[in-house]
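Before anything else, here's the structure in question.
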Amino acid sequence: MSMRRTTTTRRAMTAVTVTAALALALAGCGDDGGEEPGNEGSSAPSAPASPSAEDKGAPQQEDTAAGENVDPDVKLAEARGQGGLVLVINEVKRDSGGFLTVQGEINNEGTQIRTASAWAGSEVSIVQKNPNSVAGATLVDKAGKKRYYVLRDTDSRCLCTTAIASIGPGKAAPIFMQFPAPPQGTTEVDFNLPTFATTSLKISG
């Protein structure tokens with residue numbers, strides 16, 4: 001076989017190979033039933049494990065993870081508790097829907113680890129559903145002669161911080177809680193959390 005014949009044969013084989021590759025590529029592009037790139041093996045997101053507060057007919061937390069969008073340097077009020085604990089309130093604000101949200105933190109200025117076991121109050125059903133929470137907090141509108149409790153859903157779960165871990169010396173735990181809002185004319189209420197002194201709060205918004 002001459003050199004010229006060999007070269008011609010190789011060119012023919014190359015052309016066939018390129019043609020076959022192009023045919024396969026065009027076939028792949030025309031397959032509208034395939035998955036989009038990056039979606040291989042993907043599935044629809046699973047449903048939430050439990051119904052939300054909104055599903056249960058209760059006001060929805062804006063979660064408003066405790067301390068979110070709150071300036072920790074703003075101290076509207078301070079209350080002393082047992083064992084060197086100090087409750088600092090950073091925000092008291094009316095929310096859309098007729099709620100009042102209180103946010104702050106509990107600081108441990110003592111020398112021993114402290115727990116939140118007493119802050120859920122004394123109602124058995126509330127304590128059982130909201131262990132280590134601030135569900136026992138209350139507001140008192142002295143002018144309107146009304147006491148307000150932390151909101152809870154139909155399953156007695158509070159709209160407040162729950163499952164608070166033990167607070168070590170020098171540590172702090174952010175907290176929040178939602179109450180029914182007092183009338184617009186009420187601008188000041190007394191706030192109380194079990195084991196802490198009562199303190200006066202001014203309402204914004």
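Nothing fancy with the numbering, it's 1 onward along the sequence.
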Table please: side-chain donor-acceptor pairs of residues 78-87 below 3.5 Å, with sequence neighbours left out.
unit_1 : atom_1 : unit_2 : atom_2 : d
Arg80  : NH1    : Glu109 : OE1    : 3.1

Do you know which two heavy atoms are closest between Val92 and Leu76, and how far apart they sit?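 In this case the closest contact between Val92 and Leu76 is N-CD1, 3.7 Å.
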Is the backbone N or O of Pro182 less than 3.5 Å from a side-chain atom of Arg94, with the two atoms forming a donor-acceptor pair by type?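 Present.
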Tell me the closest heavy-atom pair linking Gly121 and Val127, and the distance in Å.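 Heavy atoms of Gly121 and Val127 come nearest at O-CG2, 3.3 Å.
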How many angstroms lie between CG in Leu139 and OG1 in Thr198, if you round to the nearest 0.5 Å?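 That separation rounds to 11.0 Å.
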Nearest atoms (heavy-atom pairs only) where Thr161 meets Pro174: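 Taking Thr161 first and Pro174 second, the nearest heavy atoms are CG2-O, 3.9 Å.
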For the residue pair Val134 and Cys160, what are the closest heavy atoms and their distance?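 Nearest heavy atoms, Val134 then Cys160: CG2-CB, 3.9 Å.
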Taking the side chain as everything from C-beta on, heavy atoms only, tell me whether Leu151 gets closer than 4.5 Å to Phe179.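 Not touching, per the 4.5 Å side-chain cut-off.
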How are the rings of Phe196 and Trp119 set relative to one another: parallel (under 30°), tilted (30 to 60°) or perpendicular (over 60°)?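 Correct class here is tilted.
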Tell me, please, which residues at least two apart from Ile126 pass side chain to side chain contact (heavy atoms under 4.5 Å, CB included).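 Result, side chain to side chain contact (heavy atoms under 4.5 Å, CB included) vs Ile126: Glu123, Asn130, Ala135, Arg152, Ser156.
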Compare every heavy atom of Thr186 with every heavy atom of Ile203, then report the nearest pair and how far apart it is.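 Nearest pair, atom of Ile203 first, then Thr186: CD1-O, 3.7 Å.
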Spacing of Ile175 atom CD1 and Gln103 atom CD [to the nearest 0.5 Å]: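 The CD1 atom of Ile175 sits 9.5 Å away from the CD atom of Gln103.
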Quick one: pull up OG1 in Thr199 and CG in Leu193 and give me the separation to the nearest 0.5 Å.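 One gets 11.5 Å once the value is rounded to the nearest 0.5 Å.
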With hydrophobic residues grouped by side-chain heavy-atom distances under 4.5 Å, do Ile167 and Met177 end up in a single group?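 Linked within one cluster.
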Spacing of Asp141 atom CG and Glu188 atom CD [to the nearest 0.5 Å]: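 Reported value, rounded in 0.5 Å steps: 10.0 Å.
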With no hydrogens and no angle check, is any side-chain donor or acceptor of Asn90 less than 3.5 Å from a backbone partner on Val74?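 Indeed, once roles are kept as given, a pair shorter than 3.5 Å links the two residues.
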Candidate pair Thr138 and Asn192, rule side-chain hydrogen bond (donor to acceptor under 3.5 Å, both in side chains), full reasoning: CA-CA 5 Å; Thr138 59; Asn192 179 259; 4.5 Å; no
Any sub-3.5 Å donor-acceptor pair from Lys75's side-chain atoms to Val88's backbone N or O?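 Flag not set: sc Lys75 to bb Val88 has no pair under 3.5 Å.
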Membership question, hydrophobic clusters at under 4.5 Å side-chain separation (ILVMFWY): are Val140 and Phe191 in the same one?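 Each belongs to a different hydrophobic cluster.
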Are Ile106 and Ile164 close enough, and set up right, to give a side chain to side chain contact (heavy atoms under 4.5 Å, CB included), and what steps lead you there? CA-CA 10 Å; Ile106 297 175; Ile164 301 172; 5.6 Å; no
Tyr149 atom OH: more than 12 heavy-atom contacts under 6.0 Å: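 No, OH of Tyr149 has 12 or fewer neighbouring heavy atoms, counting only those of other groups under 6.0 Å.
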May I have the step-by-step check of side chain to side chain contact (heavy atoms under 4.5 Å, CB included) for Asn132 and Ser117, ending in yes or no? CA-CA 5 Å; Asn132 297 321; Ser117 57; 4.2 Å; yes
Which atom of Ile113 lies closest to which atom of Ser166, heavy atoms considered: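 Smallest heavy-atom distance, with atoms named: CG2-CB, 3.5 Å.
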